[in-house]
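What follows is a single structure, written as C-alpha cells, with notes after it.
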Amino acid sequence: MNSNDSAKSKGVVLFAFNTDVDYVTIADRCSQLISHTLKLPVTLVTGLDEQPKFNYDKIVRVDNTDNNFRTNLNDEQVTWRNFGRYLAYELSPYDQTLLLDSDYLTFDDNLLKLFESCQDYRLMHHNSTDAGASYEEMGETSLPYIWATVVVFNKTEKSRLFFDLIGRIQRNYRYYKRLYNIREGNYRNDYAFAIANNIINGYSLNEDQGIPWRMYTIDKPVKRIMLTDNFIRVYYEDSATVVPYQGIHLMDKDYLLSRDFEHVLEAVCGS
C-alpha cells in the first residue's frame, strides 16, 4: 500500500438487532475475535434498546423494528431483522470498511488483505461447505446470488451509488423479486447485493470485483469446536469435519451463544 492508503481509517461494521435470538451477544462475541485477529475498531449498528457489552469504537442506534422471517437450522421459523444493511455506507465512520455478518468468525487475518486491493467495493461471490463448492442461484431462471456476509468498501462515488441502489431494491423488493425471478418471498441482503452489483455494472456479474477466495460456511448444528495451530475441527451430532485454520461463516446461532463457544473465544483471545 502507498502512504495515502496507509493513512486511511479502517474498521469493521456489524449490524445486530435482537429478536428471539440474542444477536447483540453474538456480535459482542465475534467482535472479540475481530479485535484480537484483525486489530481493527468495530462499529455496531443496533436498535434503540439493545445493551451491547463489547467495548465498541462506536455504537449507532437506529429504529429497526420491521420483522422478517427465516428458517433456522432446526427447520423452525424465527424472527429476523435484516433490513437496513444499505445504511452501512452512510453510517460507517471509516474510509475503508469491512462489513461483516455477526456470525462470521475471524480466526485469521486474511480479510486485511482486501484493503490493499479494493478500489470501490469487493463482494463474496463464492462459497463452500462440507459438501464442497456451492453455486446457488436466486431462482431456477435467475442469477447466482452474492453472499453479503463479507463486504469491503471504500468511500467512493461508485460505492455510494451501490449502497443507495441496495436501499432502492429493499424498498421495492416485490418488483425486483419478479424482475429477477427470485424463488423466496422474504427479503435477503444476499439477493439485494447481487441485484445491485448486476445493475451498477451494466447487467454483468462482474466477478472481477469479487473477493478472490471462497468463503467457508458451516451450515449444520454444531456441538463443539476444537482448535489446533493449523486446523479447526468441528463436531456435529453424528460426524465431524476438519478444515484449515481460516475465517468461518458459522450459521448455528445457538452454538454462538453456547458456553463451548465461550471456551473457544477464551482459547483464542484469552480470558
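The basis for the numbers below is simple: all heavy atoms, side chains too, and nothing from hydrogens, waters or symmetry mates.
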At their closest point, which heavy atom of Arg85 faces which heavy atom of Ala148, and how far apart are they?
NH1-O, 3.6 Å
Could you give me the CA-CA distance, side-chain angles and deciding distance for Tyr216 and Asp130, then say whether side chain to side chain donor-acceptor pair (under 3.5 Å) is met?
CA-CA 9 Å; Tyr216 190 81; Asp130 289 351; 2.2 Å; yes
Looking at Pro52 and Arg61, what are the two nearest heavy atoms and their distance?
CD-NH2, 3.8 Å
Charged N-O contact under 4.0 Å between Lys220 and Glu237:
no
Apply the test side chain to side chain contact (heavy atoms under 4.5 Å, CB included) to residues Tyr245 and Asp229: give CA-CA distance (whole Å), side-chain angles for both, the deciding distance (0.1 Å), then the verdict.
CA-CA 8 Å; Tyr245 210 90; Asp229 290 341; over 6 Å; no
Once you round to the nearest 0.5 Å, how far does OG of Ser31 lie from CZ of Phe54?
5.0 Å
Are Tyr203 and Ile169 connected in the hydrophobic side-chain network, where two residues link if heavy atoms are under 4.5 Å apart?
yes
Using the rule that two of Ile, Leu, Val, Met, Phe, Trp, Tyr join whenever any of their side-chain heavy atoms come within less than 4.5 Å, decide whether Met226 and Leu33 are in one cluster.
no
Are Tyr191 and Asn186 close enough that some pair of their side-chain heavy atoms sits under 4.5 Å apart?
no
Value rounded to 0.5 Å, distance of CG in Asn154 from OG1 in Thr97
8.0 Å
Near Asp260 CG, under 6.0 Å, is it more than 12 heavy atoms from other residues, nucleotides or ligands?
yes
A side-chain contact here means heavy atoms from C-beta on lying under 4.5 Å apart; do Val45 and Val62 qualify?
yes
Between Arg183 and Ser142, is there a donor-acceptor pair closer than 3.5 Å when you use the side chain of the first and the backbone of the second?
no
Is the backbone of Phe153 close enough, under 3.5 Å, to the side chain of Gln96 for a donor and an acceptor to pair up by distance?
no
With no hydrogens and no angle check, do the side chains of Asp109 and Thr37 hold a donor and an acceptor under 3.5 Å apart?
no
Distance check, rounded to the nearest 0.5 Å: Thr46 atom OG1 versus Asp49 atom CG?
9.0 Å
Under 4.5 Å between any side-chain heavy atoms of Thr106 and Tyr104, yes or no?
yes
Report the C-alpha separation of Tyr86 and Asn189 in whole Å, then their side-chain angles, then the decisive distance to 0.1 Å, and conclude whether the side chain to side chain donor-acceptor pair (under 3.5 Å) test is met.
CA-CA 9 Å; Tyr86 67 91; Asn189 284 300; over 6 Å; no
Exercise: identify the closest heavy-atom pair between Leu14 and Asp101
CD2-O, 4.3 Å
For Glu140, is the CD atom crowded, meaning more than 12 foreign heavy atoms sit under 6.0 Å from it?
no
Between CE of Met215 and CD of Gln246, what distance do you get to the nearest 0.5 Å?
11.0 Å
Answer yes or no: is there a side-chain heavy-atom contact under 4.5 Å between Gln51 and Val24?
no
Quick one: pull up CG in Leu44 and OH in Tyr56 and give me the separation to the nearest 0.5 Å.
4.5 Å
Flag for Asn127-Thr217: side-chain donor and acceptor within less than 3.5 Å:
yes
Taking Asp164 first and then Arg160, would you say they form a salt bridge - that is, a charged N and a carboxylate O separated by under 4.0 Å?
yes
Are Asn201 and Lys158 close enough that some pair of their side-chain heavy atoms sits under 4.5 Å apart?
yes
Please lay out, stage by stage, how Glu157 and Asp120 fare under the test side chain to side chain contact (heavy atoms under 4.5 Å, CB included).
CA-CA 8 Å; Glu157 180 63 14; Asp120 297 295; over 6 Å; no
Does any non-hydrogen side-chain atom of Val13 lie less than 4.5 Å from one of Val60?
no
Does this structure show an ion pair linking Glu266 with Arg259, if we count only N-O contacts that are shorter than 4.0 Å?
yes
Pairwise distance CG(Asp63) to CG(Leu48) - rounded to 0.5 angstrom
4.5 Å
Between Ser159 and Tyr89, which heavy-atom pair has the shortest distance, and what is it?
CB-CE1, 3.8 Å
Closest contact, heavy atoms only, Ile225 versus Val264
O-CG2, 3.8 Å
Ring centres of Trp147 and His249 under 6.0 Å apart?
yes
Ring-face cation of Lys223 near Tyr255 (centre distance under 6.0 Å, axis angle within 45°):
no
Carefully, step by step, assess Val21 and Ile26 under the rule side chain to side chain contact (heavy atoms under 4.5 Å, CB included).
CA-CA 9 Å; Val21 176; Ile26 293 173; 4.2 Å; yes
Salt-bridge criterion met for Lys10 and Asp95 (N-O under 4.0 Å)
no
N/O donor-acceptor pair under 3.5 Å between Asn197 side chain and Phe193 backbone:
no
Quick one, Leu227 with Val268, criterion side chain to side chain contact (heavy atoms under 4.5 Å, CB included). Give me CA distance, side-chain angles, the key distance, then yes/no.
CA-CA 9 Å; Leu227 305 177; Val268 175; 3.3 Å; yes
Charged N-O contact under 4.0 Å between Asp22 and Arg29:
no
Inspect the surroundings of CD in Gln119 and state if more than 12 heavy atoms from other residues, nucleotides or ligands are less than 6.0 Å away.
no
Just wondering, do His126 and Ile146 contact through their side chains at under 4.5 Å, heavy atoms?
no
Could you tell me whether the side chain of Asp252 and the main chain of Val222 form a donor-acceptor pair under 3.5 Å?
yes
With clusters defined by side-chain heavy atoms of hydrophobic residues (ILVMFWY) lying less than 4.5 Å apart, directly or transitively, does Ile248 cluster with Phe231?
no
Could Arg188 and Tyr145 be counted as a cation-pi pair, given that NZ or CZ must be under 6.0 Å from the ring centre and within 45° of the axis?
yes
For Pro93 and Ser9 the tightest heavy-atom approach is O-OG, 4.1 Å
Are Leu256 and Leu250 close enough that some pair of their side-chain heavy atoms sits under 4.5 Å apart?
yes
Fit a plane to each ring of Phe162 and Tyr121, take the angle between them on a 0 to 90° scale, and name the class: parallel (under 30°), tilted (30 to 60°) or perpendicular (over 60°).
parallel
For residues Val242 and Tyr235: do they belong to one hydrophobic cluster (side chain heavy atoms under 4.5 Å, members Ile, Leu, Val, Met, Phe, Trp, Tyr)?
no
Test item: Asp57 side-chain N/O and Val42 main-chain N/O as donor-acceptor pair under 3.5 Å:
no
May I ask you to check whether over 12 heavy atoms, not counting those of Tyr175, lie within 6.0 Å of atom OH?
no
